[in-house]
Amino acid sequence: MTLRTRFAPSPTGYMHIGNLRTALYAYLVAKKDPEGVFILRIEDTDQGRLVEGATDIIYNTMQQCGLKHDEGPDVGGDYGPYVQSERVRSGLYMDYAKKLITRGGAHYCFCDQSVIDEQRSKTEAEGGSFKYDDPCKYLSQEEIDRRLQAGTAFVIRQTIPTEGTTSFDDEVFGQITVDNTTLDEQVLMKSDGFPTYNFANVIDDHLMGITDVVRGMEYLSSTPKYNLIYEAFGWDIPRYIHCPPVMKDEHNKLSKRNGDASFQDLVAKGYLPEAILNYIALLGWSPEEDREIFTLDELVQAFNVKHIGTNGSIFDPDKLRWLNGMWLRQMDLDSYYSLVKPYIEQAVKGNFDGRKIAAIVQVRANTLNEIPEMLGFFDTFPSYENDLYNNKKMKTNPEVALESLKACEEALAVQEDWSEEALHGMLMELPAKLGRKNGQVLFPLRLAITGMATTPGGAIEIASILGKDETLRRLRLSIGQLSA
């Protein structure tokens, strides 16, 4: 039997990080099998929560991350339509709900849902556990027919056995067993003719041949009810892979409702889609190898559901920033320059070699958005205080700096070859001639030509980019400032 997984998001806004991780894991499970199929299904039955443009966000996110689906609304397939609202219009869900009634797995309910919700809220507010015992399931068939013919509004509820237990196996959490008496008789079809998520996903998973269901552990409590539907129809039950949540901290889940970062937010902050995907793969899953950097293809080879943990993983922005920096630094310079050129041009308008600037930035910037703020000194030589020359690590102070800068100015003024290699050879000889450490010469020089205590690149690289005239102009201004 062909292994088939699905990612079934609701188009209710931006792509939540936990949602994207579910998509990634479902993709990895499918692609672990050379014949595996990964499906995208849009679950839009909750019409009140739909957000315009959210479906396009789903498509764009999947494309940016390289999570190419084999079947879906935009690529087609043999099991469409792949948008639930389109399936509703065919009457598919209502047909299956009525079949489930004949099999004893569901029943018509003519009660006012608002009254039931009020009872539920009151009971839960008092600390109790609410379980609705629907009187409609005790109605005679004649009474049911009479109400249907009269046009009485109804929903269709699941019928739960009053005795026994329901068990299922999960690849992450093992075997789980619950008493049927604890299961709520959930609504399957709403009064507007739309199915609830809990019913539609079971029907669609079966009809689309889904063999492996990957989803968040918040659905563990609902899975016994799903299995009762499978069993009532006599269908095969899929393999379950429930994933622990992505946490904001020890007590709170990461949630877009709480304003936590979405995939789009992180990309806007200068993170690479590849790095984001790499990082979220590690939130809840531990590779067998002692490594953290994975391409998508490498994740396919390394992924094993048996290494998914049962505890929530805290989203660490610092760890993501570090990992993103590693991705940026492992790029070849041509690819890196093509990527960062727009960010360099935000800050540097002067006639400087952008490729050389990219080279010094690459070893320092961890996100793309950090780049412009690092480079302002190229166009504008900022004012600075002489106190910056006091540096214990470099063993410098204004007096030491002034001596070093005068020597640098004298040597640079007669230097004809302004290539980085030539400048390196000349400036690295200067400390020994002065009886100084390298830092006692190069640190003051870098400060003198940038006005910045920290910069991407050192004095030699920056002087090479600035050019001879601008380097000497700044150096002489700094010497004058120190002398004064």
Side-chain angles (χ1 to χ4, degrees), residues 7-29 43 46 48-51 53-54 57-58 60-62 64-65 67 124-125 170-173 197 213-223 240-287 292-294 296 299 303 305 307-328 365-370:
F7 175 50
S10 298
T12 56
Y14 291 107
M15 181 68 78
H16 175 237
I17 289 299
N19 227 17
L20 181 57
R21 189 193 62 174
T22 299
L24 172 61
Y25 285 5
Y27 175 89
L28 297 177
V29 169
E43 299 199 336
D46 191 348
R49 294 183 59 220
L50 302 186
V51 174
I57 289 174
I58 294 169
N60 292 338
T61 301
M62 303 285 279
Q64 283 181 274
C65 293
L67 300 178
E124 292 178 350
D170 181 76
E171 293 296 312
V172 177
F173 291 89
Y197 165 85
V213 171
V214 182
R215 61 187 174 214
M217 64 175 288
E218 64 267 25
Y219 293 105
L220 276 172
S221 61
S222 298
T223 300
Y240 291 117
I241 303 164
H242 287 91
C243 307
V246 178
M247 306 294 289
K248 182 176 184 175
D249 51 44
E250 291 184 1
H251 306 290
N252 300 289
K253 289 199 304 182
L254 208 65
S255 169
K256 64 183 179 184
R257 292 185 181 181
N258 295 332
D260 294 320
S262 66
F263 171 79
Q264 286 71 25
D265 293 330
L266 294 175
V267 171
K269 290 178 180 178
Y271 291 92
L272 301 177
E274 300 91 338
I276 298 170
L277 209 65
N278 184 169
Y279 178 64
I280 65 174
L282 303 173
L283 290 174
W285 169 73
S286 300
E292 294 183 291
I293 309 298
F294 290 89
L296 184 56
L299 283 172
F303 191 71
V305 297
H307 288 263
I308 298 175
T310 57
N311 296 320
S313 297
I314 295 176
F315 184 90
D316 183 352
D318 292 333
K319 181 66 177 289
L320 172 60
R321 184 172 173 273
W322 169 83
L323 193 111
N324 195 73
M326 296 297 291
W327 268 84
L328 291 171
N366 286 315
T367 70
L368 299 175
N369 286 11
E370 293 174 11

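Numbers here simply count residues along the sequence, with the first being 1. These numbers come from the heavy atoms of this one structure, side chains and all, not from hydrogens, waters or symmetry mates.
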Please test M217 against F173 for side chain to side chain contact (heavy atoms under 4.5 Å, CB included), starting from the C-alpha separation and ending with a verdict. CA-CA 9 Å; M217 64 175 288; F173 291 89; 3.9 Å; yes
Below 30° counts as parallel, above 60° as perpendicular, anything between as tilted: where do the rings of Y219 and Y197 land? tilted
I314 side chain reached by V246 side chain, heavy atoms, under 4.5 Å: no
I57 side chain near V51 side chain, heavy-atom distance below 4.5 Å: no
Among all residues two or more places apart in sequence or in another chain, which pass the ring pair (Phe, Tyr, Trp, His ring centres under 6.0 Å) test with Y240? F168, H242
Mind checking the CG-OH spacing from L20 to Y14? Nearest 0.5 Å is all I need. 15.5 Å
To the nearest 0.5 Å, tell me how far S10 OG sits from D46 CG. 7.0 Å
Checking L24 against L28 for the side chain to side chain contact (heavy atoms under 4.5 Å, CB included) test, could you report, in this order, the C-alpha distance in whole Å, the side-chain angles of both residues, the deciding distance, and whether it holds? CA-CA 6 Å; L24 172 61; L28 297 177; 3.9 Å; yes
Specify the closest pair of heavy atoms between I58 and P9, including all atoms of both residues, with the distance to one decimal. CD1-CG, 3.6 Å
Between S313 and M247, is there a side-chain heavy-atom distance shorter than 4.5 Å? no
Assess the residue pair L277 and L67 against the criterion (side chain to side chain contact (heavy atoms under 4.5 Å, CB included)); give the C-alpha distance rounded to whole Å, side-chain angles, the decisive distance to 0.1 Å, and a yes or no. CA-CA 10 Å; L277 209 65; L67 300 178; 4.2 Å; yes
Check whether any side-chain heavy atom of P244 sits under 4.5 Å from a side-chain heavy atom of N311, and report yes or no. no
Distance check, rounded to the nearest 0.5 Å: E43 atom CD versus T12 atom OG1? 11.5 Å
For Y271, what residues pass the ring pair (Phe, Tyr, Trp, His ring centres under 6.0 Å) criterion, not counting sequence neighbours? none
Does some side-chain heavy atom of L272 sit less than 4.5 Å from a side-chain heavy atom of I276? no
Spatial distance of atom CZ (F315) from atom CG (L320) [nearest 0.5 Å]: 5.0 Å
Is there side-chain contact between W327 and I293, with heavy atoms separated by less than 4.5 Å? yes
With the threshold set at 4.0 Å, does a side-chain nitrogen-carboxylate oxygen contact exist between K269 and E370? no
Across all chains, not counting sequence neighbours, the ring pair (Phe, Tyr, Trp, His ring centres under 6.0 Å) partners of F263 are none
Closest non-hydrogen contact found for A23 with M62 is CB-SD, 4.3 Å
Going by the rule salt bridge (charged side-chain N to carboxylate O under 4.0 Å, His left out), which residues pair with E274 if we only count those two or more places apart in sequence or in a different chain? none
Indicate yes or no for a side-chain donor-acceptor contact from N278 to the backbone of E292 under 3.5 Å, with no hydrogens or angles considered. yes
Residues passing the salt bridge (charged side-chain N to carboxylate O under 4.0 Å, His left out) test with R215, sequence neighbours excluded, are none
About how many Å separate CD1 of I17 and NZ of K248, when rounded to the nearest 0.5 Å? 13.5 Å
Taking the side chain as every heavy atom from C-beta outward, state whether V267 and T61 have any pair of such atoms under 4.5 Å apart. no
Any side-chain heavy-atom pair of S262 and M15 under 4.5 Å: no
Correct closest heavy-atom pair for C65 and L296 would be O-CD2, 3.8 Å
Can I241 and V214 be said to form a side chain to side chain contact (heavy atoms under 4.5 Å, CB included), step by step? CA-CA 5 Å; I241 303 164; V214 182; 4.0 Å; yes
Look only at the side chain of N19 and the backbone of H16, and say whether a donor-acceptor pair between them is shorter than 3.5 Å. no
When rounded to the nearest 0.5 Å, the distance separating CD of Q264 from CG of L266 is 9.0 Å
I'd like to check the ring pair (Phe, Tyr, Trp, His ring centres under 6.0 Å) partners of F303; sequence neighbours left out, ordered by chain and number. Y25, W285
Closest heavy-atom contact between G309 and V172? O-CG1, 3.5 Å
Are any side-chain N or O atoms of R21 and backbone N or O atoms of A281, one a donor and one an acceptor, separated by less than 3.5 Å? no
Would you confirm whether N324, through its side chain, and N366, through its main-chain N or O, come within 3.5 Å as a donor-acceptor pair? yes
